[in-house]
Amino acid sequence: MVCRVLKGLLVDFAGVLTDPDAGRFYEYLAVARERGVRTALLSNAPGASDEVKNTMFDYFDALVFSGEVGVAKPDPAVYLIAADRLGLPAVRCAFVDDSATNIRGAVQAGMVGVHHRSVSETLDELAVLFPAG
């Protein structure tokens, strides 16, 4: 078995960061960044206002919107764009989404896929993938 140290975390917006318990996820993102994990928001949205982007930069090192880069999930190219913006190879990244189709695209790009069903389950899985200390 090949062990790879993950350094990047890509997160979908709708369905993950809109979860009723998303406050806990935002707290996790802030702590992960303090520990050196690079984070990216990866959304199939056309874009976002400057106000929204400024708020998101509190939690993310990079913001990737399909409408701005011209390619959308589940195309593996969009995951590679996001990883590149973090300065990491895809194999050093994990991607969280509530869509199994989008996760398959991330895995095809070389990432670890995390299927979001609830904030608690996702945080438990991320604790294994990105161990503290």
Side-chain angles (χ1 to χ4, degrees):
M1 183 174 114
V2 175
C3 180
R4 57 181 160 169
V5 177
L6 298 178
K7 294 290 185 185
L9 177 59
L10 289 69
V11 182
D12 174 51
F13 183 75
V16 177
L17 296 177
T18 58
D19 189 291
D21 201 17
R24 291 180 55 218
F25 202 94
Y26 280 106
E27 290 171 10
Y28 173 84
L29 289 168
V31 171
R33 285 182 78 198
E34 289 172 5
R35 292 187 8 240
V37 175
R38 306 273 300 152
T39 60
L41 176 69
L42 177 53
S43 172
N44 273 353
S49 69
D50 288 341
E51 181 181 343
V52 168
K53 287 181 180 181
N54 288 337
T55 301
M56 288 291 130
F57 278 123
D58 290 342
Y59 302 97
F60 298 101
D61 299 295
L63 305 175
V64 179
F65 296 97
S66 293
E68 294 177 357
V69 298
V71 63
K73 298 177 286 182
D75 187 323
V78 77
Y79 306 95
L80 297 175
I81 290 168
D84 184 63
R85 291 200 178 168
L86 292 179
L88 295 168
V91 297
R92 300 289 300 277
C93 298
F95 174 67
V96 178
D97 199 312
D98 62 317
S99 163
T101 299
N102 291 343
I103 292 167
R104 279 192 293 278
V107 171
Q108 288 174 348
M111 296 182 179
V112 172
V114 177
H115 194 172
H116 176 79
R117 292 179 184 86
S118 73
V119 170
S120 291
E121 285 181 33
T122 298
L123 293 179
D124 286 347
E125 191 161 349
L126 292 177
V128 172
L129 294 173
F130 297 91

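Across Ala83 and Cys93, no two heavy atoms sit closer than the pair CB-SG, 4.0 Å. Across Asp61 and Val37, no two heavy atoms sit closer than the pair OD2-O, 4.0 Å. The minimum heavy-atom distance linking Ala14 with Asp98 is given by the pair O-OD1, 3.3 Å. Between Ala45 and Phe65, the shortest heavy-atom distance links the atoms O-CB, 3.6 Å. In this structure, Leu86 and Ala62 approach most closely via the heavy-atom pair CD2-CB, 4.0 Å. Taking every heavy atom of both residues into account, Glu125 and Gly113 meet most closely at OE2-O, 4.1 Å.
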request  = Decide side-chain contact (heavy atoms from CB on, under 4.5 Å) for Asn102 and Leu42; before the verdict, give the C-alpha distance in whole Å, the side-chain angles of both, and the deciding distance to 0.1 Å.
outcome  = CA-CA 11 Å; Asn102 291 343; Leu42 177 53; over 6 Å; no
request  = Could you check Val11 against Phe60 for side-chain contact (heavy atoms from CB on, under 4.5 Å), going step by step and ending with a plain yes or no?
outcome  = CA-CA 9 Å; Val11 182; Phe60 298 101; 4.1 Å; yes
request  = Give the intermediate values and the outcome of side-chain contact (heavy atoms from CB on, under 4.5 Å) for residues Asn44 and Phe13.
outcome  = CA-CA 9 Å; Asn44 273 353; Phe13 183 75; over 6 Å; no
query = Would Leu29 and Leu9 count as a side-chain contact (heavy atoms from CB on, under 4.5 Å) if you check the C-alpha gap in whole Å, the side-chain angles of each, and the deciding distance to 0.1 Å?
reply = CA-CA 9 Å; Leu29 289 168; Leu9 177 59; 3.9 Å; yes
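Tyr59 and Val31 sit in two unconnected hydrophobic clusters of ILVMFWY residues. Membership requires side-chain heavy atoms under 4.5 Å apart, directly or through other members.
For the pair Arg24 (side chain) and Leu123 (backbone), a donor-acceptor distance under 3.5 Å is absent. Side chain of Arg117 to main chain of Thr122: no donor-acceptor pair is present (N/O by atom type, distance under 3.5 Å, no hydrogens or angles). For the pair Ser66 (side chain) and Val71 (backbone), a donor-acceptor distance under 3.5 Å is present. Although no hydrogens or angles enter the test, the distance criterion places a donor-acceptor pair under 3.5 Å between the side chain of Asn54 and the main chain of Asp50. Panel note: side chain His115, backbone Asp97; no donor-acceptor pair is recorded below 3.5 Å. In this structure, the side chain of Arg33 engages the main chain of Asp58 through a donor-acceptor pair within 3.5 Å.
Between the side chains of Asp19 and His116, at least one donor N or O sits under 3.5 Å from an acceptor N or O.
Each of Leu10, Leu80, Leu63, Val64 was evaluated against Arg85; a single residue qualifies, Val64, per the side-chain contact (heavy atoms from CB on, under 4.5 Å) test.
Looking only at side-chain heavy atoms (C-beta outward), Leu126 and Phe25 come within less than 4.5 Å of each other.
Here Ser118 contributes atom OG and Asp21 contributes atom CG; the two are 8.0 Å apart, rounded to the nearest 0.5 Å. Distance check, rounded to the nearest 0.5 Å: CG of Leu6 to CZ of Arg38 gives 15.0 Å. Atoms CZ and CZ, on Arg104 and Phe95 in that order, are 12.5 Å from each other to the nearest 0.5 Å.
More than 12 heavy atoms of other shown residues, nucleotides or ligands fall within 6.0 angstrom of atom CG in Asp124.
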